[in-house]
Each structure stands twice: as C-alpha cells, then as structure tokens.
There are 2 protein chains.
Amino acid sequence: MAVKGKRRGRPVSSQPGLSAERIIEQAHQLLLSEARVPSLRSLAAQLQVDVMALYHYFPNKAALLEALCCTLVSGVYQPEAGQDWRQELTRLSRSYLQLLADHSGLLQTLLSMTSAGPAQVFGERFEQALAPLALDSEQRQQALCLLVDYLHGFALALHAAPGALSLEDLDGPLGFYLDGLALRRAPS
Amino acid sequence: MAVKGKRRGRPVSSQPGLSAERIIEQAHQLLLSEARVPSLRSLAAQLQVDVMALYHYFPNKAALLEALCCTLVSGVYQPEAGQDWRQELTRLSRSYLQLLADHSGLLQTLLSMTSAGPAQVFGERFEQALAPLALDSEQRQQALCLLVDYLHGFALALHAAPGALSLEDLDGPLGFYLDGLALRRAPS
DNA sequence: TCAATAATTCTACATTGTAGAATTACCTTA
DNA sequence: TAAGGTAATTCTACAATGTAGAATTATTGA
C-alpha cells in the first residue's frame with residue numbers, strides 16, 4: 001500500500017523530492033519522538049511516500065540505520081587540549097552516553113559498524129583527552145575498552161530498564177574509573 | 001497451524017505431556033544451537049505442539065524468556081572464601097561473560113529483570129569475592145556497576161560484531177580494572 | 001452425573017521487512 | 001526529434017512473527 005493513490009512512476013522533478021538526507025533526517029526525528037527505531041512503513045508514511053521508495057536509496061533497513069548513525073558523530077564532545085583531563089574525559093563520556101541514551105534503538109547498529117561511527121570517534125577523542133597522562137599504549141587501549149564497553153553496557157541497562165536508572169548514575173562509577181586512572185599515572 | 005492434524009483438545013494424561021520445564025529446556029537448546037532466540041513457532045515445532053499451547057504456560061514470549069534466564073544462574077561461578085580475590089573475581093567475571101556470550105539473545109531480557117536473574121547473582125557473588133578488600137560500601141557499589149555494565153557492554157559487542165572480538169579480550173581490561181581496585185585497597 | 005476447569009488445536013489478524021514487476025519521467029545519442 | 005536506456009517511484013505480494021479468541025476434548029470435584 002502506498003500513500004493514497006499517488007501517481008505511479010517517477011515524479012516530475014520540480015519538487016524537492018526524496019533524498020537519502022531527507023530520509024535519514026525524518027528517521028532521526030521519528031527515532032527521537034517515538035523513542036525507538038521506526039518501522040519503514042511509518043517512516044515512509046511521514047515522508048508521504050511508498051515504503052519501497054526507501055529501497056531506492058538504501059539496500060535495506062540496516063544500511064539506513066548505519067547511515068543515520070554516521071550523522072550522530074557531531075554529538076560527541078570534542079575535548080580541548082590544555083584542560084584538566086578528568087573534566088574533559090567526563091564531558092566526553094557524558095556526551096557519548098547521552099547520545100547512546102537518546103538513540104538507544106541504534107545500539108546494535110552502532111556496535112556493528114566498524115568505522116566512521118560515533119564509537120570510533122569516541123575512541124579517537126578518548127586518546128586526545130587522555131594524552132596528558134602519558135600512559136603506555138597498552139594501558140591506554142585497556143582503559144579505552146573498559147570505558148567504552150562500560151558506557152555501552154550502561155546505555156543498554158538504561159534502555160532495558162528505563163526508570164530504574166538515570167544519566168546521573170554515571171558519576172559514581174565514572175569517578176571510580178577516573179580515580180583508578182589517576183593512581184596509575186603516578187606510581188609510588 | 002499446528003503440528004499436522006493432531007487431535008484437538010486436551011490430550012489424555014498418560015504421556016509426559018507439556019510443562020513449563022520442558023518448554024524452557026527446549027527453548028534453551030534451540031537458543032544454543034541456533035545461537036539466537038528461537039521463534040515461538042520453531043519452539044512449538046520442536047515440542048510437536050501447537051504454538052498457542054505455549055501460552056497456557058506463559059503469558060507471553062517475554063515471560064518465557066525471563067523464566068529461561070532464571071535457570072541460568074547455576075552458570076555463575078561461586079567464589080570461594082579464602083582464595084586470592086583477584087583470581088576469584090576473574091573467574092566470576094569470566095563465567096558471567098561466558099554465560100552472556102552463550103545466550104546473547106537474552107541480554108535485553110536479562111537486564112530488564114529486576115531480581116532472581118544472573119545479574120542479581122553476579123552482584124551478590126561480586127560482594128563475596130571482594131570482601132577481603134574491605135572497601136567501603138560506596139566504593140563497592142561503584143566498582144560493581146563499573147564491572148557489570150562493562151561485561152554487559154562487552155557481551156553486546158561480542159554479539160553485534162562477532163569475529164571482531166573474543167572472550168580472551170576480556171583479560172586486558174579486566175586486569176586494568178583489577179589493578180585499579182588493588183591500588184585502592186592500600187592508599188599510600 | 002454434570003458442570004467447571006485444564007490443556008490443547010485452529011483460525012485469524014496486525015505488524016514487519018522485503019522481493020519483483022509495472023509505471024512514469026528524464027537523459028543521451030543517433 | 002524519435003528512441004532506447006536509466007532513474008525514481010508505486011503496487012502487489014509474501015513470509016515470518018507474536019498473539020487474540022473461539023472451539024474442542026479430557027479431567028476433576030460436587
């Protein structure tokens with residue numbers, strides 16, 4: 001079914017028309033307003049277009065969601081050099097968790113992307129924020145894994161049991177983590 | 001549709017018949033063999049029973065999966081008192097992660113259960129393993145959150161990008177975490 | 001003996017993602 | 001300028017899924 005007996009076939013190209021960008025933007029809005037990944041049908045309905053039109057721009061739903069994920073990197077905090085590393089790492093973590101919480105339906109997609117996604121960017125910026133500590137590369141790697149997977153786990157908990165947990169509950173464990181990092185910088 | 005024109009209505013009670021236990025056990029086997037949560041139809045097919053028969057034992061699929069989760073607690077390592085806390089915490093974490101990895105389709109269910117599940121049990125046994133450290137309760141709580149959510153995040157990554165990650169990749173970050181804990185026990 | 005209740009199958013539906021074909025507009029080249 | 005190819009769209013259809021509701025048959029308690 002379509003959007004109400006619209007004329008079939010390619011439309012005249014005067015109107016703005018469909019585009020990958022419009023699709024993604026609309027998907028993003030729906031994701032935020034419904035707080036879950038929209039069905040292709042509801043997405044198509046919002047765009048006043050037949051479902052199958054979406055398939056002209058993306059091979060399948062997963063690809064569409066990946067594309068959406070790629071647009072989210074701007075929400076990841078960019079640490080400033082020269083600032084307190086704890087503060088910068090806290091801001092970075094908060095922004096990333098906020099992003100995950102706002103798009104919790106995308107967690108799976110997020111994690112299955114190997115590059116160019118927010119997870120990747122988080123990793124890069126983590127390194128920047130952590131530079132002042134001058135840890136060796138192995139420790140940095142482990143610290144990153146611990147933090148990023150922790151944040152993913154936190155987001156998952158937030159998603160699975162909403163109400164039982166809130167963003168503020170990040171502070172305690174994050175502080176604990178940061179303390180551990182700090183102790184490591186200055187071995188007695 | 002059923003299992004091929006089986007006689008309708010309640011069956012004679014000589015045979016073993018269906019039960020919540022049989023359903024859960026079969027679901028568990030399918031979960032392991034297909035490496036994903038089975039559909040109710042495939043589950044019913046294995047049990048040679050109509051799909052709707054399952055609804056006599058569970059109000060819905062989520063409840064069935066929760067019940068399954070409850071049977072998994074036996075897979076969580078029980079720390080022994082008097083042993084090295086690092087070793088015990090490592091064994092505990094490994095066993096829990098293994099459990100999560102073997103049942104990754106259940107992550108969501110796992111986290112939405114408020115009690116009696118493996119997550120709960122992990123928490124309790126974490127406290128036991130950590131007793132020798134004599135941390136104050138706030139630090140214990142933070143340490144637990146950090147670890148458990150980390151493990152959930154790790155399991156999610158394992159699930160979303162299989163092949164990119166393996167269980168051994170736990171060791172680095174876990175060691176990092178344990179070092180942090182150790183530093184905290186003996187403040188200089 | 002008979003009514004209630006337990007355990008089951010059958011039919012049906014809404015929702016989802018997606019394949020394949022038909023339709024119409026646009027663009028290039030002869 | 002006509003024709004053939006390609007781009008962008010709608011339509012129809014299907015399979016998979018969870019689940020509601022009713023029909024059917026056995027068991028049990030009064």
Side-chain angles (χ1 to χ4, degrees), chain A residues 1-27 30-31 34-69 105-106 108-109 112, chain B residues 1-27 30-31 34-69 105-106 108-109 112:
Chain A
M1 289 97 192
V3 67
K4 186 78 147 302
K6 217 162 138 185
R7 188 197 184 108
R8 282 185 77 170
R10 179 174 182 160
V12 295
S13 63
S14 37
Q15 273 65 279
L18 211 47
S19 70
E21 290 70 32
R22 273 196 64 212
I23 293 174
I24 291 179
E25 185 184 332
Q26 189 64 253
L30 279 176
L31 177 61
E34 301 181 359
R36 58 199 193 86
V37 174
S39 71
L40 293 182
R41 282 178 165 83
S42 69
L43 176 53
Q46 283 294 310
L47 291 163
Q48 311 207 62
V49 110
D50 184 271
V51 197
M52 293 312 289
L54 305 176
Y55 282 83
H56 185 70
Y57 297 91
F58 303 97
N60 51 47
K61 187 173 187 178
L64 195 163
L65 295 181
E66 282 206 19
L68 208 184
C69 284
L106 294 180
Q108 298 266 139
T109 306
S112 65
Chain B
M1 289 93 191
V3 67
K4 186 73 147 304
K6 215 163 137 186
R7 187 197 185 109
R8 280 185 80 171
R10 179 173 182 162
V12 296
S13 63
S14 37
Q15 272 66 278
L18 209 48
S19 70
E21 289 70 34
R22 274 196 63 212
I23 293 174
I24 290 180
E25 185 184 331
Q26 191 63 252
L30 280 176
L31 177 62
E34 299 179 2
R36 57 198 193 87
V37 174
S39 71
L40 293 181
R41 281 177 165 81
S42 70
L43 177 52
Q46 283 294 310
L47 290 163
Q48 311 206 62
V49 111
D50 184 89
V51 197
M52 292 312 286
L54 305 176
Y55 280 85
H56 184 70
Y57 298 91
F58 302 97
N60 51 48
K61 188 174 187 178
L64 196 165
L65 295 182
E66 282 206 20
L68 209 185
C69 284
L106 294 181
Q108 297 268 138
T109 305
S112 65

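So that the names make sense, note that chain A is the first sequence line, chain B the second, and so on, each numbered from 1. Side chains are part of it too, since the values below use all heavy atoms of this structure and drop only hydrogens, waters and symmetry mates.
- Here the side chains of B/L43 and B/L64 are in contact, with some heavy-atom distance below 4.5 Å.
- Contacts of B/S19 classified as side-chain contact (heavy atoms from CB on, under 4.5 Å), with partners at least two apart in sequence or in another chain: B/E21, B/R22.
- The separation between A/R41 atom CZ and D/dA13 atom C1' is 11 Å, rounded to whole Å.
- Under the 4.5 Å side-chain criterion, counting only non-hydrogen atoms from C-beta, A/L47 is in contact with A/L54.
- Contact annotation: B/S39 does not reach the phosphate of D/dA16 (side-chain N/O to OP1 or OP2, under 4.0 Å).
- In this structure, A/N60 places its CG atom 17 Å from P of C/dT16, rounding to the nearest Å.
- The only option from B/L65, B/L68, B/I24, B/L40 that meets the side chain to side chain contact (heavy atoms under 4.5 Å, CB included) definition with B/F58 turns out to be B/I24.
- Computed from coordinates, the A/L54 CG to C/dT16 C1' distance equals 14 Å when rounded to whole Å.
- Between the side chain of A/K6 and the backbone N or O of A/D50 there is no donor-acceptor pair closer than 3.5 Å.
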Summarise protein proximity over nucleotides 4-9 of chain D in one line of letters, 5' to 3': B for base, S for sugar-phosphate only, - for none, counting protein heavy atoms closer than 4.0 Å.
---BBB
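- For B/S13, no side-chain nitrogen or oxygen approaches OP1 or OP2 of D/dA26 to under 4.0 Å.
- The separation between B/L43 atom CG and D/dT17 atom P is 12 Å, rounded to whole Å.
- Nearest approach of A/A27 to A/P38, heavy atoms of both residues: O-CG, 4.2 Å.
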